[in-house]
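Counting starts at 1 for both ligands and their atoms, in listed order.
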Amino acid sequence: MNYNPNNIFAKILRGEIPAYKVYEDTQTLAFMDVMPQSDGHTLVIPRVAAETLFDLSTEELQSLIAVTQRIAIAAKRAFHADGMTLMQFNGSAAGQTVPHVHFHVIPRYNGKSLQSHSRTMANNELLAQHAEHLRALLNP
Ligand code: 5GP
């Protein structure tokens, strides 16, 4: 594995750049995607330095998917979503743009298609509101 420690999620994990965090534990961090594909789009990442899903141990993967499920359940409630899309890309050929493994948790709404991937920055106030809303359900 050739992990690049200067990727944007590694910087968020080290606290070098800010993020709208919604949940964290010893192994995992979840925060709002700054270019959401729908309202409430959240990212879930492991703290371990891993580029793709294939670089995780079984235990690391288990804790990541368990937290992803927890975030998805809370986000469905928080944003009154009709459904939830979970996405995960491995390698640039597959659409991965940030080389630190992550799950996308994307609320879906009837009749609404997804915004383009990694395209339009959301309003900071809206992201902060969404994060607060989700945090309240995840950390009661
Ligand atoms: P990928 O294309 O690697 O599956 O997804 C990377 C995701 O990270 C994209 O959805 C993109 O919008 C998001 N993203 C890129 N840069 C930043 C950032 O600086 N902060 C946050 N919170 N999300 C980011």
Side-chain angles (χ1 to χ4, degrees):
M1 175 177 63
N2 194 15
Y3 181 80
N4 174 5
N6 291 320
N7 77 75
I8 204 91
F9 294 172
K11 290 181 182 176
I12 287 174
L13 281 168
R14 291 195 296 268
E16 292 169 8
I17 64 163
Y20 293 100
K21 296 180 185 175
V22 295
Y23 173 84
E24 56 189 315
D25 60 29
T26 54
Q27 286 169 288
T28 321
L29 176 67
F31 51 95
M32 306 312 294
D33 194 306
V34 290
M35 291 173 269
Q37 290 186 253
S38 80
D39 278 354
H41 185 164
T42 306
L43 299 168
V44 188
I45 68 174
R47 291 188 187 279
V48 67
E51 183 170 340
T52 72
L53 198 76
F54 317 123
D55 300 317
L56 295 174
S57 68
T58 304
E59 291 72 25
E60 289 162 349
L61 182 55
Q62 281 169 342
S63 66
L64 181 63
I65 195 66
V67 170
T68 300
Q69 184 197 41
R70 185 170 165 191
I71 304 292
I73 290 169
K76 186 171 189 302
R77 240 181 96 200
F79 303 110
H80 307 289
D82 299 306
M84 298 295 299
T85 293
L86 304 188
M87 295 197 302
Q88 197 279 316
F89 305 137
N90 298 284
S92 55
Q96 183 176 12
T97 58
V98 177
H100 183 107
V101 61
H102 51 280
F103 275 96
H104 295 263
V105 173
I106 308 180
R108 303 300 301 270
Y109 307 95
N110 286 333
K112 256 191 150 179
S113 46
L114 286 184
Q115 304 286 321
S116 298
H117 181 65
S118 227
R119 179 76 58 85
T120 310
M121 288 289 286
N123 172 284
N124 278 335
E125 258 174 46
L126 187 68
L127 286 176
Q129 267 176 31
H130 285 167
E132 198 182 322
H133 202 39
L134 186 48
R135 224 172 12 240
L137 282 180
L138 283 162
N139 314 288

*Could I get the full list of salt bridge (charged side-chain N to carboxylate O under 4.0 Å, His left out) partners for E16, not counting sequence neighbours?*
R14
*Examine the proximity of ligand 1 to Y20 and report which part, side chain or backbone, both or neither, has a heavy atom under 4.0 Å away.*
neither
*Among all protein non-hydrogen atoms, which one is nearest to atom 5 (O) of ligand 1, and what is the separation to 0.1 Å?*
H102 NE2, 3.0 Å
*asked:* Can you report which non-hydrogen protein atom sits closest to atom 22 (N) of ligand 1, along with the distance?
replied: M32 O, 2.9 Å
*Nearest non-hydrogen partners of R119 and M35, listed with the distance*: N-SD, 3.8 Å
*Could you list which atoms of ligand 1 come closer than 4.0 Å to a heavy atom of L43?*
8 (O), 23 (N)
_Protein contact of atom 8 (O) of ligand 1 - nearest heavy atom, named by residue and atom, plus distance_ = F9 CZ, 3.3 Å
*Taking the side chain as every heavy atom from C-beta outward, state whether S116 and Q37 have any pair of such atoms under 4.5 Å apart.*
no
_Linked, directly or transitively: L86 and F54 (ILVMFWY side chains, under 4.5 Å)_ = yes
_Parallel, tilted or perpendicular: ring planes of F89 versus H117, cut at 30 and 60 degrees_ = perpendicular
_Under 4.0 Å from a heavy atom of G95: which atoms of ligand 1 are those, numbered in the order shown and with their elements?_
2 (O)
*Using the test salt bridge (charged side-chain N to carboxylate O under 4.0 Å, His left out), find all partners of E24 that sit at least two apart in sequence or belong to another chain.*
R47
*Note the single closest protein heavy atom to atom 7 (C) of ligand 1, along with its residue, its atom name and the distance in Å.*
D33 OD2, 3.5 Å
_V98 N/O to ligand 1 N/O under 3.5 Å_ = yes
*Report yes if some heavy atom in the side chain of T85 is under 4.5 Å from a heavy atom in the side chain of H104; otherwise report no.*
no
_Can a side-chain donor-acceptor contact be found between Y109 and H80 if the only test is distance below 3.5 angstrom?_
no
*If you count the atoms of ligand 1 from 1 in the order shown, which ones are under 4.0 Å from a heavy atom of T97?*
1 (P), 2 (O), 3 (O), 5 (O), 6 (C)
*H41 to ligand 1: N or O pair under 3.5 Å?*
no
*What heavy-atom pair brings P46 and L13 nearest, and what distance separates the two atoms?*
O-CD1, 3.7 Å
*Verify whether the ring centers belonging to F79 and H130 lie closer than 6.0 Å.*
yes
*Would you indicate which of M35, Q96, H117 comes nearest to atom 2 (O) of ligand 1 when only heavy atoms are counted?*
H117
*Short list, please: which atoms of ligand 1 are under 4.0 Å from a heavy atom of I8?*
19 (O)
*H104, portion touching ligand 1 at heavy-atom distance under 4.0 Å*: side chain
_I need the nearest protein heavy-atom contact for atom 20 (N) of ligand 1: residue, atom name and distance, please._
V34 CG2, 3.6 Å
*Counting from 1, what ligand 1 atoms have a heavy atom of S118 closer than 4.0 Å?*
9 (C), 11 (C), 12 (O)
